[in-house]
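Have a look at the structure below before the remarks.
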Amino acid sequence: MKSFLTTRIAGVLTLALSLIMVQSFAQSARTIADFDKGWKFHLGDVKNADKASANDKNWRNLSLPHDWSIEGTFSKDNPASPEGGALPGGIGWYRKTFTVPLSSQSKKVYIDFDGVYHHSDVWINGHHLGFRPNGYISFRYDLTPYLNFGGVNVVAVKVDNSQQPNSRWYSGSGIYRNVWLVTTSASAAIDHWGTYMTTPEVTDAAASVKIAVSVKHNLAKFKPYTVSTSIYDAANKLVSSGGTVPSNKQIIDSVTTFNSTLTVKNPHLWSVTSPYLYKVVNRVWINNVVVDEYTQKLGIRYFNFDADKGFSLNGKPMKILGVCDHHDLGSLGSAINTRALERQLEILKGMGVNGIRTSHNPPAPELLDLCDRMGFIVMDEAFDMWKAKKSKYDYHLYWDEWHKRDLEDQVKRDRNHPSVFIWSIGNEIVEQYSKTDTAGRTITRELAGIVRSLDTTRPITTANNDPTTTNQLISSGALDLIGYNYHNQDYAGFHERFPGKKFIATETTSALETRGYYDMPSDSVRRWPIAWDKPFTTGNPDNTVSAYDNVSAPWGSTHEETWKVMKKYPMLSGMFIWTGFDYLGEPTPYSWPSRSSYFGVIDLAGFPKDVYYLYKSEWTDKPVLHIFPHWNWTQGKTVDVWAYYNNADEVELYLNGKSIGVKKKTGDDLHVMWRLKFEPGTLKAISRRNGKVVLTKEIHTAGAPAKIELTADRKAIKADGRDLSFVTVRILDKAGNLVPNADNLVKFKIAGPGSMASVDNGDPVSHDPFKADWRKAFHGLALAIIQGKETAGTITLTATADGLAPATVVIKSK
Ligand code: GAL
C-alpha cells in the first residue's frame with residue numbers, strides 16, 4: 001500500500017511539472033477534424049464507385065450532413081408509403097477526395113460516422129472497411145493501414161435505403177449526421193468511447209468522480225505511460241486533478257483501463273433548471289510528453305426512482321415531464337442541424353418540458369450535448385423491434401448479427417452524458433406477447449445484461465403497449481422500471497398489478513390536433529375511428545382535425561385525461577407525450593394525401609398548437625392565458641371558447657364589451673369553457689387573482705388579408721455555413737390581426753450571404769416541396785428557414801404575395 005501511494009504521489013508531481021513543460025505538444029496530441037465538406041454525391045447505384053479511380057467529376061458537390069429523401073417529391077407510390085413520409089428512398093453514393101500529410105505517418109487516422117441511414121458500406125482507396133446496417137448508430141473505421149500519407153486518398157460510401165418499407169416513420173436517407181476525421185498518436189491514445197465517468201457519492205460538501213480511461217497502446221518499443229485527469233469548473237478553473245501509476249506492461253495493440261477517483265469539493269449539481277457542467281480533460285503521457293488529450297463535459301447529479309414516491313433529482317422530488325420525438329427536423333428532413341435541434345428544445349422548454357425520449361433509436365450526439373447544456377432528462381432508446389419484425393425490411397433482418405454490437409456502442413457513446421437517465425432497450429417489442437416461447441424473456445435478459453456490463457448507474461426499461469404481468473419482457477425480471485405506453489386508466493392500480501415496482505409512462509396520449517383548424521364541438525371526447533361521426537376514411541376531406549383536445553387514438557387519451565391522472569399520484573415518476581413535434585410519416589389515422597403526423601403538441605413547422613398552452617399553464621410558473629379558437633365564424637354559429645390559464649382564480653370573457661361570464665376551474669379541471677353565439681368583433685378574456693388583473697387577451701375578427709409580417713427568431717447568426725434563422729410569416733389584415741384561414745402564396749427573395757434551407761407551414765397534407773423559395777400560408781402562417789454562408793454580411797429576406805403589402809427582415813451573419 002505504502003509503495004503504491006508513494007509511486008502515485010510521485011507520478012502526480014511529475015505530471016504537474018510536465019504540464020508546464022509540454023503545453024505545446026498537447027495541441028498536436030489529437031485532432032478531431034470536421035470532415036463534412038467537399039463530398040461528391042450521386043443518387044442511384046453506380047458500378048465500381050468504390051474504386052479509388054472511379055470518375056466522380058460530374059457528381060453533385062455537397063457538404064454533409066445530407067438527406068436526399070427530403071429533396072424528393074411526395075408520392076403515394078413511393079415505397080416508404082405515407083407511413084414512411086411518402087418520400088423516395090433508393091441508393092446513394094458519396095465520395096470524398098482528401099490528402100493526408102506525410103507527418104501523419106506516425107499516427108492513427110480514423111473516420112467517425114455519427115449516423116448513416118442506412119445499410120452503409122465504406123471503402124478507403126478501394127479497400128472495403130465495413131458494412132453497417134443500423135441507420136442510427138455511430139461507428140468508426142481505422143483508415144491508417146490503407147492511407148497514402150503525403151498523397152491523395154478517396155473515401156467512398158454506399159448508402160442503401162432501397163428496400164422499403166423498413167421504418168414506421170420517416171427515416172431520411174444518406175449520411176445525415178456529421179463525419180469526423182480523428183488523428184491520434186499511434187503509440188498510446190484513449191480508445192474510441194474509451195472513458196466512463198460516474199459520480200457514486202455526491203453530498204453538498206463533496207462529490208467523488210470515478211473515471212475509467214481505456215488506453216489503446218501499440219508501442220513497438222515499450223515506454224511506460226501514465227494517464228492524468230483534470231476537472232475544471234464552468235469558469236475553467238482547475239478544481240480537481242489526479243494521475244495514475246505508470247503502466248508497466250508491454251502489450252502490442254491492446255487496451256488497458258486506468259481507474260481513478262477524484263474529489264470535487266462543494267460541487268455545483270446538474271439539474272434541469274441549472275444544468276451546470278464541468279470539463280474533464282484526460283491526458284496520456286509518455287516521457288513527460290502529452291501524447292493524447294481528450295476533453296468531455298461532466299455533470300454531477302444523483303437521482304432515484306422510488307416505487308412509492310416516484311422520481312427525485314438531487315434529493316428533490318420532481319416529475320419527468322417529457323415528450324417523445326422522432327429525429328426529423330421537419331422540412332429540413334433528417335439532416336442534423338444543431339441550431340434546428342436547439343430551437344426545438346427551446347420551444348419545448350417554453351412549455352415546461354424537462355424530458356426527451358429518443359423514440360425509437362439512438363439520437364444524434366448533438367441532441368445529448370444540447371440536453372446536457374439545456375437541462376433535459378433523456379430516455380435513450382435503442383430499438384423499435386428485436387428479432388420479430390414490424391415492417392418487412394426493418395432491422396429484424398440484422399438482429400442476430402448486430403444487436404449486441406449496436407447496443408454496446410450506444411451505451412459506450414452515451415453513458416457519460418449527465419442528461420441520460422434511463423436506458424430503454426425497446427419500444428412496443430413484438431416479443432412482449434411471446435407467451436408460448438421464451439424469446440421475450442431471453443432477449444430482455446440478454447439486452448439488460450449488455451447494458452449493465454457497461455453502465456450500472458441508470459435504470460433499464462422497455463416501452464410496453466401490453467403492461468401486464470404476462471408481458472414476457474416485464475416478467476423476465478430484468479427491468480428496473482415498468483414502462484407503460486398508454487393505459488392511463490391503469491396507472492392508479494399499478495401497485496396492485498406490480499407490487500413494489502417502479503413506474504414510468506414511457507409513452508402517453510397520442511391525441512390529434514391540427515394547428516389553426518377547428519371543426520367540431522369540444523365537449524365530447526372521441527376515439528377514432530369508432531366514435532367519430534366523420535369516419536376518417538371518408539370524411540374530413542382536407543384531412544385535418546379539431547384543435548380542441550378531444551380526439552385521440554383508441555389506445556391513447558386526450559392530453560387532459562393522462563395529465564390529470566399523472567398529476568394525482570406521486571408514485572408515477574413521469575411521462576413522455578407522444579409527441580412533442582409533429583413528424584414526417586405516420587399520419588395515422590389518415591393515409592394519403594396526409595404524409596406527416598398529427599400527434600405533436602407543436603406542428604411540423606414548429607408552431608405551437610393550442611394544447612401547448614395547457615402544458616405551459618401546468619408545467620411552468622410563467623403566467624398563461626390562452627383563449628381559442630379564432631374569431632372568424634359565420635354570424636350566429638354556436639362556438640365553444642376555451643381558455644387555458646394559470647396563476648389566477650378566474651377568467652372573465654367579454655364579447656364586444658359585454659360579459660359572457662366568469663369561469664373558474666374546479667376540481668381537477670384544466671380549462672374553462674364558454675358556449676356562445678358568434679358575432680363579429682372582439683373577444684376579450686381577463687384573468688384575475690384576488691380580484692386583481694393578471695393577464696388580458698383579445699382576439700379580433702380579422703378582415704381580408706392585407707399584409708405580410710416577418711419575424712426572425714434570431715436576427716444575428718454565425719457565419720459558419722450552418723447556422724439558421726427561423727422566420728415566421730404571418731398574414732395580417734389591415735389592422736394587424738392574424739387572418740386565421742389565410743392561405744396566400746408567399747414568394748421569398750434573399751439578398752446577401754444566405755440561402756433558403758427550407759420552407760414549411762405545418763400543413764400535414766401539403767405536397768409542395770420543402771426546398772423552395774415559396775410557400776402557401778396554412779391558417780395564416782408559414783415558415784422560412786434561412787441559412788447563413790461562411791462569409792459574414794447582411795442577409796435580407798423579402799416576402800411578397802399577390803395583393804398584399806410585402807415585408808422584409810434583416811439578419812446579420814457574423
Ligand atoms: C405507439 C408507438 C409509436 C407511435 C404511436 C402512435 O404505439 O410506440 O411509435 O406509433 O403509437 O399513436
Side-chain angles (χ1 to χ4, degrees), residues 32 34-36 63-70 85 94 111-118 120 132 134-140 157 159 161 167 169-180 182 192-193 296-297 322-348 355-374 376-384 395 406-407 409-420 423-424 579-581 583-585 606 720 722-724 757-758 785 787:
I32 303 173
D34 174 345
F35 208 55
D36 283 346
S63 289
L64 304 175
H66 174 239
D67 167 13
W68 79 69
S69 294
I70 204 69
Y94 297 83
I111 189 165
D112 285 5
F113 291 88
D114 286 349
V116 181
Y117 200 92
H118 65 178
S120 64
R132 201 74 192 218
N134 189 326
Y136 298 106
I137 209 74
S138 301
F139 54 94
R140 157 176 287 189
V157 182
V159 184
N161 193 14
S167 177
W169 56 88
Y170 174 78
S171 63
S173 311
I175 309 181
Y176 72 105
R177 291 182 183 163
N178 292 310
V179 181
W180 309 92
V182 178
H192 193 210
W193 303 317
Q296 283 169 293
K297 297 285 185 198
V323 297
C324 306
D325 268 325
H326 279 310
H327 66 299
D328 75 58
L329 295 167
S331 58
L332 296 166
S334 60
I336 178 76
N337 179 288
T338 306
R339 172 56 201 159
L341 255 184
E342 182 185 51
R343 169 188 180 247
Q344 288 197 333
L345 293 173
E346 284 168 359
I347 295 169
L348 292 170
I356 303 287
R357 173 192 186 203
T358 70
S359 40
H360 303 298
N361 44 260
E366 289 78 8
L367 176 80
L368 299 181
D369 293 340
L370 286 166
C371 289
D372 291 346
R373 178 161 70 66
M374 297 171 76
F376 286 92
I377 287 171
V378 174
M379 178 161 103
D380 196 349
E381 193 151 80
F383 304 113
D384 191 45
Y395 183 74
D406 285 338
L407 185 58
D409 285 356
Q410 177 182 5
V411 176
K412 279 198 221 156
R413 191 196 69 169
D414 294 351
R415 64 186 173 176
N416 292 314
H417 285 278
S419 59
V420 175
W423 299 113
S424 165
T579 47
F581 284 78
Y583 50 96
L584 291 162
D720 62 0
R722 296 175 189 242
D723 205 2
L724 302 171
S758 65
I785 308 178
Q787 186 154 46

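This one's a predicted model, so the numbers in the text were calculated from it and none came from an experiment.
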Distance (rounded to the nearest 0.5 Å) between [X] [atom1] and [Y] [atom2]:
X      : Y      : atom1 : atom2 : result
Ile137 : Ser120 : CD1   : OG    : 11.5 Å
Arg132 : Phe113 : CZ    : CZ    : 12.0 Å
Asp406 : Tyr136 : CG    : OH    : 12.5 Å
Ser758 : Gln787 : OG    : CD    : 9.0 Å
Leu367 : Phe376 : CG    : CZ    : 9.0 Å
Glu342 : Gln344 : CD    : CD    : 11.5 Å

Looking only at atom types and distance, does a side-chain atom of [X] sit under 3.5 Å from a main-chain N or O of [Y], one as donor and one as acceptor?
X      : Y      : result
Asp67  : Ser173 : yes
Asn337 : Arg722 : yes
Asp325 : Phe581 : yes
Thr358 : Glu381 : yes
His326 : Ser359 : yes
Ser167 : Tyr170 : no

From CA spacing to verdict: side chain to side chain contact (heavy atoms under 4.5 Å, CB included), Asp414, Trp423: CA-CA 10 Å; Asp414 294 351; Trp423 299 113; 3.8 Å; yes
Is it true that the side chains of [X] and [Y] contain a donor and an acceptor less than 3.5 Å apart?
X      : Y      : value
Ser419 : Asp372 : yes
His327 : Tyr176 : no
Trp180 : Asp114 : yes

Full working for side chain to side chain contact (heavy atoms under 4.5 Å, CB included) between Arg343 and Leu724: CA-CA 10 Å; Arg343 169 188 180 247; Leu724 302 171; over 6 Å; no
Side-chain heavy atoms of [X] within contact of [Y], under 4.5 Å:
X      : Y      : value
Leu329 : Leu341 : yes
Asp380 : Pro363 : yes
Ile336 : Glu366 : yes
Ile356 : Leu348 : yes
Leu345 : Cys371 : yes

Chi angles and distances behind the side chain to side chain contact (heavy atoms under 4.5 Å, CB included) call for Leu64, Arg177: CA-CA 7 Å; Leu64 304 175; Arg177 291 182 183 163; over 6 Å; no
Where is the tightest heavy-atom contact between [X] and [Y], given as atom of each residue plus distance?
X      : Y      : answer
Gln410 : Ala382 : OE1-CB, 3.1 Å
Leu370 : Thr338 : CD1-O, 3.8 Å
Val179 : Ile175 : CG2-CG2, 3.6 Å
His360 : Trp169 : CD2-CZ3, 3.5 Å
Ser331 : Ile785 : OG-CD1, 3.7 Å
Gly330 : Ile70  : O-CD1, 4.1 Å

Check: Tyr395 ring centre within less than 6.0 Å of His118 ring centre: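 Centroid separation for Tyr395 and His118: 6.0 Å or greater.
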Side chain to side chain contact (heavy atoms under 4.5 Å, CB included) between Ser69 and Tyr117, intermediate numbers included: CA-CA 11 Å; Ser69 294; Tyr117 200 92; over 6 Å; no
Basic-acidic side-chain contact under 4.0 Å: Glu346, Arg339: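 Here Glu346 pairs with Arg339 in a salt bridge, since their nearest N and O are under 4.0 Å apart.
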